[in-house]
Engineer: 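Just passing along the structure, written as structure tokens.
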Amino acid sequence: MHEFIAKHRDKITGTLSGFDRLVFRGTLRSIAHDQGMKRYLWANQVLLKDFGSHVERVSRRLKEASLAEAETLGRPVKYLTSSQVSKEEMARSIAAQERIRDGLVCVLSCVEPCWSFEIHRNREKKKLELEPRYRKCLFLYHYWMHPVLGFMSARIQTWFPFPIQICLNGREWLARQMEAAGVEYGRQDNCFPWIADWAKAQRLMDRQLRTHWPKLLDSVAQQLNPVHGEMFQKHPVGYYWSTYQSEWAIDIVFREGAELRRLHPRLVHHGMTTFSSPDVMRYLGKRIPLSGDVPKRFAGEVVSDLKRRQEGVRIKHSVNGNSLKLYDKAFTTVGSVLRAEATIHNGGDFRVYRPKEGDPKGEMAWRRMRRGIADLHRRAEISRRSAERYLDAFASVDEDTTLEELIQRIGQPQQWRGRRVRALRPFGDDRALLDVVSRGEFAINGCRNRDLQAIFFPRAAQSPEHARRRSAWVSRKLRLLRAHGLITKIISTHRYQLTVSGRKATTAILTALRSTVRQLTPLAA
């Protein structure tokens, strides 16, 4: 991110980095399986033959309590005949029409598939059995204008085991924080094209990470089901909170919309034609070998796609359900927003330094990241770094300099430490060399002589003399790139990294070489 901002700093008015969309799920884990449900029934002295009437009575009590606030306040309670209707749009429309700024907006209900329990008659054993099964039941969707969180929603399944899903928006939350702190802002949808004090806004957003999440989420659950304590008086249970999905967004606000309109198509073209599968995997924290190939143990799928939306053009790269996106979010007279977004749905692809589950004082080690909110800070760190790496990968896109200007100098012989070095042939013999040194795995730590040998000479050397010749050949190639200013040596190491001009040149050359005639023809015209 820092490279991208440094590149366009004279056109940028501010940046904002933090959670955008957060989806939490609450589960009553102790009754979410058949044995736990049987213990609940035993505690309440409910026989299996009476299971149906008992759960219907409890479900009816939950519905009445959940709808009581809406009936008291006179808020709309609507039943939807289809689950495909956009509930959020309907709730926002109601809030706008009735000018609701605080409190409950509405309650929407809909019958949807769910996971629950049913009684099965086992004819062979001649007895009743409790089995987990998929069925349909009523869900209640509550929409609020929360005094702290802003516009938010939560739903509860009205049949055992009563799971909950809560959806928050970090930008909605920030808007309430800025209002409380007296920070003026301009808003469009869920982004801010203008903020009077960007640094203070970022500090307020960072404060969200220090939230006591169990307390916050439990308070929302209590509003969804005010009679939870009464329902489970004889068999107390509490919700276990997990992060179902998280989106971390970095907003780059350009002073002039024309600047973003000119730059964004080049960014999209660069992302679709230049980023390889290993590059995308590296941005999302995957370890890539020095060869740059996709690891053989990787069994997932890497997908890149482009979509034109009403708001603008969106480019998206996905790996195993996790994704990176870039799109032009908003164009206004006070500022225009470019958004890079990292979405984590499959947390198991990442690692967190922690003890074993259930052993808080045990040995620390890098283990799979859990969905539980205990790992939410690690999730935030991974998301932020992924989005920043992704943005920096676009820093080499130059919207003004022509390809001819970039390669003009490297197409001439140079002097290096008193010796003549030949001109580079980027469209000929040296193309493979430029392709290798610009690989994503070398962007952070740089490359060594031995790394390039492993790529250009995959087979083992036949003799020590043969190995020295290979090393000398790579050394000459490195000297060639250094003489033309494309790479520089990292101090006190044997590693080399692309320079700023080198990254520009290699990106432009490789993009041109990988483009089709159809893509280049409109540019030539």
Side-chain angles (χ1 to χ4, degrees), residues 23-72 77 79-81 83 104 107-142 153-166 214-215 217-242 244 357-358 371-373:
V23 181
F24 297 101
R25 284 190 171 177
T27 308
L28 298 174
R29 297 173 82 180
S30 62
I31 64 167
H33 51 90
D34 54 349
Q35 292 301 318
M37 190 64 195
K38 287 178 181 178
R39 285 192 287 271
Y40 163 83
L41 295 175
W42 174 261
N44 287 272
Q45 296 297 295
V46 177
L47 300 177
L48 290 182
K49 67 184 182 69
D50 300 324
F51 176 81
S53 59
H54 173 77
V55 297
E56 284 182 8
R57 185 167 59 253
V58 174
S59 179
R60 184 168 56 251
R61 180 74 182 97
L62 184 153
K63 294 174 191 175
E64 292 173 354
S66 189
L67 296 176
E69 183 185 5
E71 294 171 352
T72 301
V77 177
Y79 173 76
L80 306 179
T81 57
S83 60
L104 183 67
V107 180
L108 307 178
S109 62
C110 187
V111 173
E112 298 177 0
C114 71
W115 185 92
S116 186
F117 301 97
E118 287 187 355
I119 297 298
H120 169 68
R121 186 180 297 276
N122 191 322
R123 297 186 181 277
E124 294 182 359
K125 297 182 180 180
K126 297 182 179 180
K127 68 175 184 178
L128 298 177
E129 293 180 344
L130 180 70
E131 292 185 352
R133 288 187 180 180
Y134 282 101
R135 51 166 294 165
K136 288 186 177 181
C137 78
L138 189 74
F139 284 79
L140 298 179
Y141 288 80
H142 289 239
S153 66
R155 77 175 189 191
I156 186 168
Q157 177 179 309
T158 61
W159 203 261
F160 279 90
F162 308 118
I164 288 175
Q165 180 167 296
I166 299 174
K215 181 179 179 181
L217 299 174
D218 284 340
S219 67
V220 177
Q222 181 63 28
Q223 290 180 274
L224 276 177
N225 182 13
V227 294
H228 176 89
E230 176 186 325
M231 289 167 50
F232 296 100
Q233 184 176 6
K234 296 181 180 180
H235 186 76
V237 293
Y239 279 100
Y240 171 82
W241 296 105
S242 58
Y244 176 67
E357 185 80 16
R371 283 190 180 271
I373 55 176

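These numbers come from a predicted model, not from an experiment.
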Engineer: Tell me, please, which residues at least two apart from Arg155 pass salt bridge (Lys or Arg N to Asp or Glu O under 4.0 Å).
Structural biologist: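 Once residues adjacent in sequence are excluded, the partners of Arg155 under the salt bridge (Lys or Arg N to Asp or Glu O under 4.0 Å) criterion are Glu112.
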
Engineer: Atom NE2 in His33, atom CG in Leu28: separation rounded to 0.5 Å?
Structural biologist: 11.0 Å

Engineer: By the side-chain hydrogen bond (donor to acceptor under 3.5 Å, both in side chains) test, which pairs, at least two apart or in different chains, include something from residues 34-46?
Structural biologist: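 As it turns out, the side-chain hydrogen bond (donor to acceptor under 3.5 Å, both in side chains) pairs with a partner in residues 34-46, which skip direct neighbours, are Tyr40-His54.
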
Engineer: Decide yes or no for Val55 and Phe117: does some side-chain heavy atom of the first lie under 4.5 Å from some side-chain heavy atom of the second?
Structural biologist: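 SC-SC contact between Val55 and Phe117 ruled out.
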
Engineer: In chain order, what residues pass the ring pair (Phe, Tyr, Trp, His ring centres under 6.0 Å) check against Tyr239, with sequence neighbours excluded?
Structural biologist: His228, Trp241

Engineer: Are the side chains of Leu224 and Leu140 in contact, using a 4.5 Å heavy-atom criterion?
Structural biologist: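 No, every pair of side-chain atoms sits at 4.5 Å or beyond.
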
Engineer: According to the side-chain hydrogen bond (donor to acceptor under 3.5 Å, both in side chains) rule, which pairs have a member within residues 125-137, sequence neighbours left out?
Structural biologist: His120-Arg133, Asn122-Glu129, Glu131-Arg133

Engineer: How about Ile164 and Asn225: do any of their side-chain heavy atoms sit closer than 4.5 Å?
Structural biologist: no

Engineer: Nearest 0.5 Å please: distance from the CG atom of Leu138 over to the OG1 atom of Thr158.
Structural biologist: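 Between atom CG of Leu138 and atom OG1 of Thr158 there are 4.5 Å.
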
Engineer: If you compare all heavy atoms of Pro161 against all heavy atoms of Ser116, which two are closest, and at what distance to 0.1 Å?
Structural biologist: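 Closest heavy-atom pair between Pro161 and Ser116: CD-CA, 4.3 Å.
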
Engineer: Would you mind listing every salt bridge (charged side-chain N to carboxylate O under 4.0 Å, His left out) that reaches into residues 45-64, with sequence neighbours excluded?
Structural biologist: Arg61-Glu230

Engineer: Just how far is it from atom SG of Cys110 to atom OH of Tyr79, taken to the nearest 0.5 Å?
Structural biologist: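 One finds 6.0 Å between SG of Cys110 and OH of Tyr79.
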
Engineer: Measure the spacing between OG of Ser153 and CG of Leu108 and express it to the nearest 0.5 Å.
Structural biologist: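 Result: 10.0 Å between the selected atoms.
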
Engineer: By ring pair (Phe, Tyr, Trp, His ring centres under 6.0 Å), which residues pair with Tyr244, not counting sequence neighbours?
Structural biologist: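 Partners of Tyr244 by the ring pair (Phe, Tyr, Trp, His ring centres under 6.0 Å) criterion, ordered by chain and then number, come out as His345.
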
Engineer: So, taking the atom named OG in Ser109 and the one named CZ in Phe139, what distance separates them when rounded to the nearest 0.5 Å?
Structural biologist: 12.0 Å

Engineer: Is a side-chain donor or acceptor of Ser66 paired with a backbone partner of Leu62 at a separation under 3.5 angstrom?
Structural biologist: no

Engineer: Evaluate the side-chain proximity of Leu128 to Phe51: yes if any heavy-atom separation is below 4.5 Å, no if none is.
Structural biologist: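 Heavy-atom side-chain distance check fails, nothing below 4.5 Å.
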
Engineer: So do Cys137 and Gln157 actually touch side chain to side chain, heavy atoms under 4.5 Å?
Structural biologist: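 They are in side-chain contact.
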
Engineer: For the residue pair Phe162 and Phe160, does the interplanar ring angle fall in the parallel (under 30°), tilted (30 to 60°) or perpendicular (over 60°) class?
Structural biologist: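 The rings of Phe162 and Phe160 sit tilted, inter-plane angle from 30° to 60°.
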
Engineer: Kindly compute the distance separating OH (Tyr240) from CZ (Arg371), expressed to the nearest 0.5 Å.
Structural biologist: 10.5 Å

